[in-house]
Amino acid sequence: MSILSSKFLRTLCLAAGGAALLGTLTPAHAEDSLRQQQTEACKGDALKLCALAIPNEKKITACMERKKDKLSPKCRVFFDNKPASGKKTPAKKH
C-alpha cells in the first residue's frame with residue numbers, strides 16, 4: 001500500500017509544481033490579456049490532462065491539442081480556432 005501512497009504523493013507534487021510554474025507563465029502586461037485569459041481557462045486542464053508536459057509550453061500545447069475533446073468548454077474555445085486558410089483538417093482516428 002505504500003507504493004500507492006508514494007505514487008499519489010508524486011502525482012500531487014507534480015500537480016502542485018505545475019500549478020506554480022503555470023502561474024509564472026501569466027504575463028503582467030495589458031497587451032497579453034488574451035494569453036492571461038487562456039492561462040486562467042486552461043490551467044486546470046493542463047494539470048489534469050498534460051501534467052507530464054509541464055513546464056514545456058510547446059509540449060503542453062501539443063498535448064492539449066491532442067486531447068481537445070477532453071478540454072473544459074472554457075479552455076476548448078482557445079483550441080477551436082481553424083487554420084487561416086479556412087480548410088478543415090480531418091481528425092485523425094486512433
Side-chain angles (χ1 to χ4, degrees):
M1 191 162 303
S2 65
I3 292 174
L4 292 176
S5 299
S6 64
K7 193 172 190 179
F8 175 75
L9 183 59
R10 180 173 179 250
T11 303
L12 184 62
C13 288
L14 281 172
L21 287 170
L22 280 176
T24 63
L25 294 176
T26 306
H29 303 295
E31 65 268 10
D32 293 327
S33 66
L34 182 63
R35 183 181 174 108
Q36 185 176 4
Q37 290 171 4
Q38 181 182 18
T39 301
E40 287 295 319
C42 297
K43 190 183 299 187
D45 291 331
L47 290 170
K48 181 172 70 171
L49 301 171
C50 303
L52 296 177
I54 296 171
N56 187 318
E57 189 173 340
K58 288 181 182 180
K59 286 184 179 181
I60 295 169
T61 302
C63 172
M64 293 178 82
E65 286 174 353
R66 284 192 310 271
K67 298 180 179 186
K68 189 179 353 181
D69 60 321
K70 295 179 183 175
L71 297 176
S72 65
K74 288 181 181 179
C75 182
R76 189 177 305 130
V77 168
F78 293 97
F79 289 90
D80 275 344
N81 297 333
K82 302 294 181 233
S85 65
K87 295 180 182 176
K88 292 184 180 180
T89 55
K92 292 181 182 178
K93 304 224 178 194
H94 296 261

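This one's a predicted model, so the numbers in the text were calculated from it and none came from an experiment. Position 1 is the first residue of the sequence; numbering continues from there.
- One finds the CD atom of Glu40 at 12.0 Å from the OG atom of Ser33 (value rounded to the nearest 0.5 Å).
- By the side chain to side chain contact (heavy atoms under 4.5 Å, CB included) test, Cys75 is found to be paired with Cys42, Asp45, Met64, Leu71, Ser72, Phe79, residues two or more places apart in sequence or in another chain being considered.
- Residues passing the side chain to side chain contact (heavy atoms under 4.5 Å, CB included) test with Lys59, sequence neighbours excluded: Ala53, Asn56.
- Distance check, rounded to the nearest 0.5 Å: OG1 of Thr61 to CZ of Phe78 gives 12.5 Å.
- The shortest non-hydrogen separation linking Asp80 to Lys68 is OD1-CD, 3.4 Å.
- The distance from the OG1 atom of Thr39 to the CZ atom of Arg35 is 6.0 Å, given to the nearest 0.5 Å.
- Separation of atoms CD (Glu57) and CD1 (Ile60) is listed at 7.0 Å; rounding is to 0.5 Å.
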